[in-house]
Enquirer: 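Before we start, here is the structure in question, set down as structure tokens.
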Amino acid sequence: MRAGTQFESSIPPRLDRLPWSPWHWRLVVALGIAWMLDGLEVTIVGSVASVLGEPGTLALSYTQIGAAGSAYLAGAVVGSLFFGKMADHFGRKRLFMVTLGLYLGATVGTALSWGFVSFAVFRALTGAGIGGEAAAMHSAIDELIPARLRGRVDLAINGTYWLGTAIGAAASLVFLDERLVPRAIGWRLAFGLGATLGFSIVLVRRCLPESPRWLLLRGRVEQAESVVSRIEQDVARGCPLPPAPGAVRLTARGSATFSHVAHVLFVEYPRRTALGLSLMIAQAFAYNAVFFTYALVLTRFYGVAPGRVGLYLLPFAIGNLCGPFVLGPLFDTIGRRKMIASTYAVAALLLAGTGWGFAHGWLDAVTQTILWCIVFFVASAAASSAYLTVSELFPVELRSMAVAFFYAVGTGVGGLAAPTLFAKLIATGSRGQVFAGYLVGAGLMAAAAGVAWWLGISAEGRSLEEITGDRPPESLGGAESAPRPLRPERA
């Protein structure tokens, strides 16, 4: 089938009408591991940050610790763009194993690092694996989950980031306890935990199918039909299937070039692009500003011992984990636009208020942590909705690349600067300067709330094809394969 050929298929409606089943649970577990590993990595670094500055370990300075955090984010930016492009070209399934393999190797390298340079390099490679996972994973999830449940499931999967955070915080209590493990070895074991969890999911990943929607995009209708038939057979073992719906009209498309991606984002959907950028930048800055450096705040301003930092990160993580699970269903019932705008606005107010209490010395380590739990119960749902927004509002042929673009820009603008900036603010010992940084994060969240209210899309309960519309063949623009037949490829 040539790119630009229009045809009819019942596959998208058949996927959207499926009841929730054990098959969907396996999908969520296999792909949700990406965010759990990301949360684990960030927490481990936050927990061991002060330990890495001790002479018996890597003896890093505050600035080097912040720079290593930025290296992780820089790797995530590059990895998301590169692997996002590959996922749109070669398919979602192939990239799952490649990015997971990169993560596993880099995590082991981090545990064996011998100085700042090696540590930063392996952190960058770890970030590249996680960034690539994010691009391919969000595309596959949105393309396989029924439309009526897409909001709550997407938010819940993003929320598993905080399950990883909780695991990391609990692990740090063991690995950084000198009564159990020597400090010089404990931080290495903490990083090795990520590799252990990653290896456990390899076999589950191998059983995942390719996205039928991506196969249709490439004109591989018979393979898409075969995949969906197997999914329906699996789901039907547990409950009867609703009647098969009618067909929808689709257009086969080739791989999108960077110029085609730019045309779609900035010419076809400029308002959606502005919405995605504002949401991603705001949440990236707010989260990275607080979380990457919270261990430094606890040790510098509250005198918390490094080995006890995990006690404060654990409830912080639980509050964040609960937010998407509790508030997620409302994004499918009340609606995307109202919920995104309200969660961003409330998070901005709570962040500013907590920063004010910190600046005036009204808080201790316990009350500071309680307030952060409240702030990020709401903010975690807001941040998760940003990923939901950018993954469901753009066409299939460039969905992974679109997710990668917004992830890269949000992380680059909002995330790369935040850890280094806040590490320097904390190093001054001035609560006022740290509070100023918190106000910047709150301001960005408030601005994003306004943009969401103005430009938000009511995508709840709607199929991906309805949200983007089946654009005419002329919209292929610079698609690589537009002038020639699509090549047969393996599923």
Side-chain angles (χ1 to χ4, degrees), residues 9-35 84 87-88 90-97 99-100 133-160 201 204-218 220-221 223-239 241-242 244-245 248 250 328 331-332 384 387-400 402-403 459-468 491:
S9 174
S10 63
I11 286 177
R14 284 161 62 191
L15 287 171
D16 284 338
R17 113 291 195 179
L18 291 177
W20 191 259
S21 68
W23 182 87
H24 292 97
W25 279 116
R26 292 195 298 273
L27 174 72
V28 167
V29 170
L31 296 182
I33 189 72
W35 280 125
D88 281 335
F90 294 109
R92 320 310 189 201
K93 180 178 180 178
R94 296 182 184 181
L95 269 295
F96 291 149
M97 301 306 295
T99 53
L100 183 58
E133 285 266 301
M137 180 270 290
H138 276 288
S139 300
I141 286 293
D142 282 358
E143 290 165 10
L144 290 167
I145 293 297
R148 69 186 182 281
L149 303 173
R150 191 171 58 242
R152 69 193 71 189
V153 172
D154 205 298
L155 261 70
I157 289 176
N158 279 279
T160 60
I201 208 70
V204 180
R205 281 269 177 104
R206 290 175 61 88
C207 298
L208 291 180
E210 180 57 85
S211 165
R213 281 181 161 104
W214 182 85
L215 291 170
L216 288 176
L217 158 77
R218 307 293 289 180
R220 295 154 61 178
V221 179
Q223 294 178 35
E225 179 65 39
S226 175
V227 170
V228 172
S229 295
R230 290 197 300 269
I231 294 173
E232 289 176 328
Q233 291 172 8
D234 197 318
V235 173
R237 294 193 187 104
C239 56
L241 299 182
V248 296
L250 303 171
F331 286 78
D332 284 325
S384 297
Y387 288 94
L388 168 65
T389 299
V390 300
S391 63
E392 71 179 356
L393 295 187
F394 296 94
V396 176
E397 78 264 18
L398 50 80
R399 177 162 290 122
S400 288
V403 173
E460 59 275 4
R462 299 167 64 189
S463 71
L464 298 175
E465 291 72 25
E466 181 185 357
I467 294 170
T468 60

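As a basis for the values below, the full set of heavy atoms in this structure was taken, side chains included, without hydrogen atoms, waters or symmetry mates.
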Enquirer: How close do V403 and A134 get, counting heavy atoms only, and between which atoms?
Expert: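 Closest heavy-atom pair between V403 and A134: CG1-O, 4.1 Å.
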Enquirer: With rounding to the nearest 0.5 angstrom, report the CG to CD distance, L241 to E232.
Expert: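 CD of E232 is found 6.0 Å from CG of L241.
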Enquirer: Donor-acceptor pair, distance only, cut-off 3.5 Å: does the side chain of R17 make one with the backbone of P242?
Expert: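 Yes, because the side chain of R17 sits within donor-acceptor range (under 3.5 Å) of the backbone of P242.
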Enquirer: Can you see which heavy atom on I11 is nearest to which on E225, and at what distance?
Expert: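 Closest heavy-atom pair between I11 and E225: CD1-N, 3.6 Å.
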Enquirer: Strictly distance-based, threshold 3.5 Å: is any side-chain N or O of D234 a donor or acceptor partner for the main-chain N or O of R230?
Expert: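 No.
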Enquirer: Hey, could you give me the OG/CG distance between S9 and L250, rounded to the nearest 0.5 Å?
Expert: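 Spacing of OG (S9) from CG (L250) equals 6.0 Å.
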Enquirer: Tell me whether E392 is salt-bridged to R462, with the criterion being a basic N under 4.0 Å from an acidic carboxylate O.
Expert: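 No, this pair does not count.
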Enquirer: Just to verify, what does Y387 make a ring pair (Phe, Tyr, Trp, His ring centres under 6.0 Å) with, not counting sequence neighbours?
Expert: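 So Y387 forms a ring pair (Phe, Tyr, Trp, His ring centres under 6.0 Å) with W35, H138.
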Enquirer: Could you tell me whether the side chain of W214 and the main chain of D88 form a donor-acceptor pair under 3.5 Å?
Expert: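 Looks like yes, one N/O pair under 3.5 Å.
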Enquirer: Can you tell me how far CG of L144 sits from NE2 of H24, rounded to the nearest 0.5 angstrom?
Expert: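 Reported value, rounded in 0.5 Å steps: 7.5 Å.
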Enquirer: With the side chain counted from C-beta on, respond yes when F394 and T389 share a heavy-atom pair under 4.5 Å apart, and no when they do not.
Expert: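 With C-beta onward as the side chain, the pair stays apart.
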Enquirer: For R152, give me all partners under side chain to side chain contact (heavy atoms under 4.5 Å, CB included), at least two apart in sequence or on another chain.
Expert: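 If we apply the side chain to side chain contact (heavy atoms under 4.5 Å, CB included) test to R152, skipping adjacent residues, the hits are L149, P329, D332, T333.
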Enquirer: Do you know which two heavy atoms are closest between G328 and L155, and how far apart they sit?
Expert: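 For G328 and L155, the tightest heavy-atom pair comes out as CA-CD2, 3.8 Å.
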Enquirer: Show the nearest heavy-atom pair for residues R148 and P19, with the distance to one decimal.
Expert: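 For R148 and P19, the tightest heavy-atom pair comes out as NH2-CA, 3.4 Å.
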Enquirer: Taking side chain as C-beta onward, heavy atoms only, is V396 less than 4.5 Å from R399?
Expert: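 Heavy-atom side-chain distance check passes, below 4.5 Å.
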Enquirer: Are side-chain heavy atoms of I141 and L27 found at a separation under 4.5 Å?
Expert: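 In contact.
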Enquirer: Any ion pair linking E143 and R92 (charged N to carboxylate O, less than 4.0 Å)?
Expert: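 So R92 pairs with E143 through a salt bridge.
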Enquirer: Under the side-chain contact (heavy atoms from CB on, under 4.5 Å) test against S463, which residue among V248, D16, T468 passes?
Expert: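 Result for side-chain contact (heavy atoms from CB on, under 4.5 Å) with S463: D16.
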Enquirer: Scan side-chain atoms only and decide if S391 and D142 contain a donor-acceptor pair under the 3.5 Å cut-off.
Expert: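 There is such a pair between these side chains.
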Enquirer: Mind checking the OG1-CE spacing from T99 to M137? Nearest 0.5 Å is all I need.
Expert: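 Reported value, rounded in 0.5 Å steps: 10.0 Å.
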Enquirer: Looking at every heavy atom in both R150 and L388, which two are closest together, and how far apart are they?
Expert: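 Shortest heavy-atom separation between R150 and L388 comes out as O-CD1, 4.2 Å.
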Enquirer: Atom CH2 of W23 and atom CG of L18: how far apart are they, to the nearest 0.5 Å?
Expert: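 The CH2 atom of W23 sits 8.0 Å away from the CG atom of L18.
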Enquirer: Please report the shortest heavy-atom distance between S400 and S139, naming the atom on each side.
Expert: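 Of all heavy-atom pairs spanning S400 and S139, the closest is OG-OG, 2.7 Å.
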Enquirer: Under a 4.5 Å cut-off applied to non-hydrogen side-chain atoms, are V153 and W20 in contact?
Expert: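 Heavy-atom side-chain distance check passes, below 4.5 Å.
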